[in-house]
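Please read the structure below before turning to the comments.
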Amino acid sequence: MFDFVRKHNRILQGILVLLILPSFVVFGIQGYSKFMNDDGVVAKVAGQKITQAEWDQAHRRMVERARAQQPDADPSLFDKPQYKQLALDSLVREYVMSAAARDQNLRVPDARLVRLFATDEQFAFLRNPDGSLNKEILQTQGMSAAQFADRLRLDLSVNQVLGGVIGTGVSSKLANRLAVDALFQVRDVQWMKFEPKQYVAQLNPTVDQLKAFYSDPAHSKEFMVPEKADVQYVQLDLDTLKKRVSVNEEELRRSYQENLSHYSTPEERRASHILIKAEKSATAAQKQAARAKAEQLLVQVKKNPALFGELAKKNSDDPGSAANGGDLDYFGRGAMVKPFEDAAFSRKEGEISGVVESDFGFHIIMVTGIRGGTAQAFETVRPQIEEEARKQLAQRQYAEVAEKFTNGVYEQSDSLKPVADELKLPLQTVSDVLHNPGAKDQGVLSNRRLLDALFDESSRAKGRNTEAIEVGPNKLVSARIVKYTPANKPAFEQVQAQVRERWVAAESIKAAHQDAEQKLALWKQSPEKAKLPAPVQMSRRLMFAQPPAVLDAALRMSDKQLPNWAVVDLGADGAALIKVNKVLPLQIAPQEVQETENQFAGYWGRAEAEAYYQSLKRKYKVEFVNEGKIIEDKAADAQKMASAP
């Protein structure tokens, strides 16, 4: 009965965000975006424009969710292009799904919303005892009941777009048989690895060989030094302004007094109770009998308070507390029904209430403990109050100072010193800044928009300041190149050691392949001379120590004529020689066959849903522009490189 809400208060916000608030952000932005030009736009869907600000917000939301799930994750991971591209793709998907739901008239009727809210367990924490919506919990998220209904309706409507496709995935018997065979088939295989390091000692290149390798166009990029520059930059952010603002001691104390409850530990009471049950539906006679019994027990408790626990065990109708002598442990305000709470919080420790009526029946309450309710001293929380005050003052100043910063770097474009001096900002210098830093950490100079503006040919040649570029929330940066070094290929003598290292690596891989091919020819011709290790069983169903390329090749080889031989390319690890001796009888239970059929149906459904989504993207003319196109092109190039043989 007393499964108190207080036990769940801290997680309600998280649950509400994850379950109730879908990330669809199309409300309120579509109309506005129609009147914008393409400045600050990163993508378009059905004529609607997705702005850089929306992308940044979506990225921040994704980062917040990821950090909540993985608090120890490296923060720099979330600034990588792949993560930003994921946020943009998610945002585009929301726009596409919303447009499709609107065009297909997939509006959820009110009756379904009511039924879902009343029956779905994920909304249980939002339901009052009588089944109505708990508006107070919604208000903690700044949401009204109408807004909640609109959000839920949109979520359900959008889910219908792909839901029907996903749920109709069916795999054919032939496809299922082939998949089962691929997964469960076991082969008897012998294999040997030819590692490049085994051939390094026999490689001794001449200078002419190294020069030829260095001059080969196929290897030219390996020795190129990327373009770089020595850079000056000025940064304006809230942290800088927070250090400058002055705080008034009197204002801090006034803020402390006005927000005293924020610095106080919530008062909690510990109580024991005896409950004589009388439900709302009880008749007047039943309620009168319950009250009479409670009043008789109250007389006994008042006469001898030491008997409270014993009387609770024998008479209380609350099974959760009766066994403990009526003890309810500590609870705060809002945890109990109001009549119970008022009685408990209006008494001193050791006092016993009269008979208190609630929706559950009649209670006798004894307060057994009081804690909290005291405010921390001003000196203790002063740093916290000062930090908040500085932050507020800095935010008020930021807009004005940011305008001066933006105008200053533009009006005096040949130097950053004037704006640095005027706004008392440090003028910082960094050497060897790369246009494409890869994994190298360059701090704020890793921002792609800033780097592209910095290395822009027209600005670079004249040493001009970049415009003021927002590289983070309330963080502006302008930079200029002091010294530029174009991409170049060093002289052979400068990189001779590096050339030799790469030549040896390439030739040792070739030697490994040649040795594998020679042994393949010899052993196929004369199997009795083969010196292969003992056979092992290979299957996709089980985990083995073989390299994935070996396992894949062994299971892909034709079983029409066995034994079958092949040389497998292992990339930088050399080569492998494999011999498939035989295919072992398939062992699979009928239950496993049925399970795979169900799994493959799900895979087909998801694949068809993804294909349908791609068709919707074409229908609604998804287009990436400006920074959005840059990030998507980079993702496509990275995927091509990853899939290249």
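This chain uses plain numbering: 1 for the first residue, then up along the sequence.
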Notebook entry, point to check: Is a side-chain donor or acceptor of R390 paired with a backbone partner of V247 at a separation under 3.5 angstrom?
Noted result: no

Checklist line | Sequence-distant partners of D552, salt bridge (charged side-chain N to carboxylate O under 4.0 Å, His left out), two or more places apart | finding: R540, R556

Next item on the list: Inspect the contact between R606 and E610 and indicate whether a charged nitrogen and a carboxylate oxygen are less than 4.0 angstrom apart.
Entry: no

Notebook entry, point to check: With sequence neighbours excluded, what pairs up with D432 under the side-chain hydrogen bond (donor to acceptor under 3.5 Å, both in side chains) test?
Noted result: none

Notebook entry, point to check: What pair of heavy atoms forms the shortest contact from D237 to Y398, and how long is it?
Noted result: CA-CE1, 4.3 Å

Item checked: Closest non-hydrogen atom pair, D569 against A549 -> O-CB, 4.3 Å

Check: What residues form a ring-ring contact (aromatic ring centres under 6.0 Å, His included) with Y620, not counting sequence neighbours?
Finding: none

Notebook entry, point to check: Any donor-acceptor pair under 3.5 Å linking the side chain of T51 with the backbone of V41?
Noted result: no

Next item on the list: Applying side-chain hydrogen bond (donor to acceptor under 3.5 Å, both in side chains), name anything that partners E627, two or more places apart in sequence or on another chain.
Entry: none

Next item on the list: Could you check if a side-chain atom of L454 sits within less than 4.5 angstrom of a side-chain atom of I481, using non-hydrogen atoms only?
Entry: yes

Item checked: Qualifying residues under side chain to side chain contact (heavy atoms under 4.5 Å, CB included), relative to A607, sequence neighbours excluded -> none

Next item on the list: Identify the heavy atoms of P547 and L570 that sit nearest to each other, and give their distance.
Entry: CB-CD2, 4.5 Å

Next item on the list: Please identify each residue that fulfils salt bridge (charged side-chain N to carboxylate O under 4.0 Å, His left out) with E595, with sequence neighbours left out.
Entry: none

Note to self: For the backbone of S415 and the side chain of N465, can you confirm whether one donor and one acceptor N or O come within less than 3.5 Å of each other?
What the structure shows: yes

Next item on the list: Report yes if the side chains of Y612 and V161 come closer than 4.5 Å at any heavy-atom pair, otherwise no.
Entry: yes

Note to self: Going by the rule salt bridge (charged side-chain N to carboxylate O under 4.0 Å, His left out), which residues pair with E623 if we only count those two or more places apart in sequence or in a different chain?
What the structure shows: none

Notebook entry, point to check: Looking at side-chain heavy atoms only, is the closest gap between V430 and L445 below 4.5 Å?
Noted result: yes

Margin query: By the definition side-chain contact (heavy atoms from CB on, under 4.5 Å), identify the one residue from V92, I631, I50 that meets it with V42.
Written below: I50

Item checked: I469 vs V477 side-chain heavy atoms within contact, under 4.5 Å -> no

Item checked: Sub-4.5 Å side-chain heavy-atom contact between E632 and V625 -> no

Margin query: Quick check: do K489 and S220 have side-chain heavy atoms less than 4.5 Å from each other?
Written below: yes

Item checked: Summary of salt bridge (Lys or Arg N to Asp or Glu O under 4.0 Å) pairs that have at least one residue in residues 458-478, sequence neighbours excluded -> E227-R460

Margin query: Tell me the closest heavy-atom pair linking W55 and K84, and the distance in Å.
Written below: NE1-O, 2.9 Å

Next item on the list: Go through V622 and Y95 one step at a time and tell me if the side chain to side chain contact (heavy atoms under 4.5 Å, CB included) criterion holds.
Entry: CA-CA 10 Å; V622 172; Y95 268 76; over 6 Å; no

Margin query: Nearest 0.5 angstrom please: D89 CG to F624 CZ, how far?
Written below: 5.0 Å

Check: Would the number of heavy atoms belonging to other residues, nucleotides or ligands and lying under 6.0 Å from OH of Y410 be above 12?
Finding: no

Checklist line | Q384 side chain to E388 side chain, donor-acceptor N/O pair below 3.5 angstrom | finding: no

Item checked: Where at least one partner belongs to residues 397-421, residue pairs that pass salt bridge (Lys or Arg N to Asp or Glu O under 4.0 Å), sequence neighbours excluded -> E400-K404, K417-D421

Next item on the list: Could you tell me which residues satisfy salt bridge (charged side-chain N to carboxylate O under 4.0 Å, His left out) with R449, sequence neighbours excluded, listed by chain and number?
Entry: none

Notebook entry, point to check: Side chain of D573, backbone of G571: donor and acceptor closer than 3.5 Å?
Noted result: no

Item checked: side-chain hydrogen bond (donor to acceptor under 3.5 Å, both in side chains) against Q82, all qualifying residues, sequence neighbours excluded -> none

Note to self: So does E94 get a backbone contact from the side chain of S98, meaning a donor-acceptor N/O pair under 3.5 Å?
What the structure shows: no

Note to self: Could you go through D452 and I630, starting from their C-alpha distance and side-chain angles, then the distance that decides it, and tell me whether this counts as side chain to side chain contact (heavy atoms under 4.5 Å, CB included)?
What the structure shows: CA-CA 11 Å; D452 288 345; I630 292 173; 3.9 Å; yes

Notebook entry, point to check: Hey, does L162 have a side-chain heavy atom less than 4.5 Å from the side chain of M97?
Noted result: yes

Item checked: Residue pairs, two or more places apart or on separate chains, that pass ring-ring contact (aromatic ring centres under 6.0 Å, His included) and touch residues 417-444 -> H435-F455

Check: Given the rule in the side chain to side chain contact (heavy atoms under 4.5 Å, CB included) test, do T429 and V482 qualify, once you have shown the distances and angles that lead to the verdict?
Finding: CA-CA 9 Å; T429 302; V482 178; 5.5 Å; no

Next item on the list: Supply the atom-to-atom distance E251 CD to I385 CD1, rounded to the nearest 0.5 angstrom.
Entry: 12.0 Å

Margin query: Please report the interatomic distance CG(L616) to CZ(R93), rounded to the nearest 0.5 Å.
Written below: 9.5 Å

Margin query: To the closest 0.5 Å, what do you measure between CZ (R396) and NZ (K391)?
Written below: 13.0 Å

Note to self: Return the CD to CG distance between Q232 and L427, rounded to the nearest 0.5 Å.
What the structure shows: 4.5 Å

Note to self: Looking at L434, is its backbone amide N or carbonyl O close enough to the side chain of Q442 to form a donor-acceptor pair, meaning the two atoms are under 3.5 Å apart?
What the structure shows: yes

Margin query: Would you compute the distance between atom CD of Q397 and atom CG of L241 and round it to the nearest 0.5 angstrom?
Written below: 6.0 Å

Next item on the list: Could you check if a side-chain atom of L152 sits within less than 4.5 angstrom of a side-chain atom of L116, using non-hydrogen atoms only?
Entry: yes

Notebook entry, point to check: G40 and N626: which non-hydrogen atoms are nearest, and at how many Å?
Noted result: N-ND2, 4.5 Å

Notebook entry, point to check: Looking only at heavy atoms, what is the nearest atom pair of L88 and G628, with distance?
Noted result: CD2-CA, 3.8 Å

Note to self: Could you walk me through whether L425 and F405 satisfy the side chain to side chain contact (heavy atoms under 4.5 Å, CB included) test, starting with their C-alpha distance in whole Å, then the side-chain angles of each, then the deciding distance to 0.1 Å, before giving a yes or no?
What the structure shows: CA-CA 10 Å; L425 300 172; F405 182 90; 3.8 Å; yes

Margin query: Has S90 got a side-chain atom pairing as donor or acceptor with L86's backbone, closer than 3.5 angstrom?
Written below: no

Check: Considering the options E54, Q52, H59, which one meets the side-chain contact (heavy atoms from CB on, under 4.5 Å) requirement together with D56?
Finding: Q52

Next item on the list: Using modelled atom types only, decide if a donor and an acceptor are shared between the side chain of T119 and the backbone of R115 within a distance under 3.5 Å.
Entry: yes

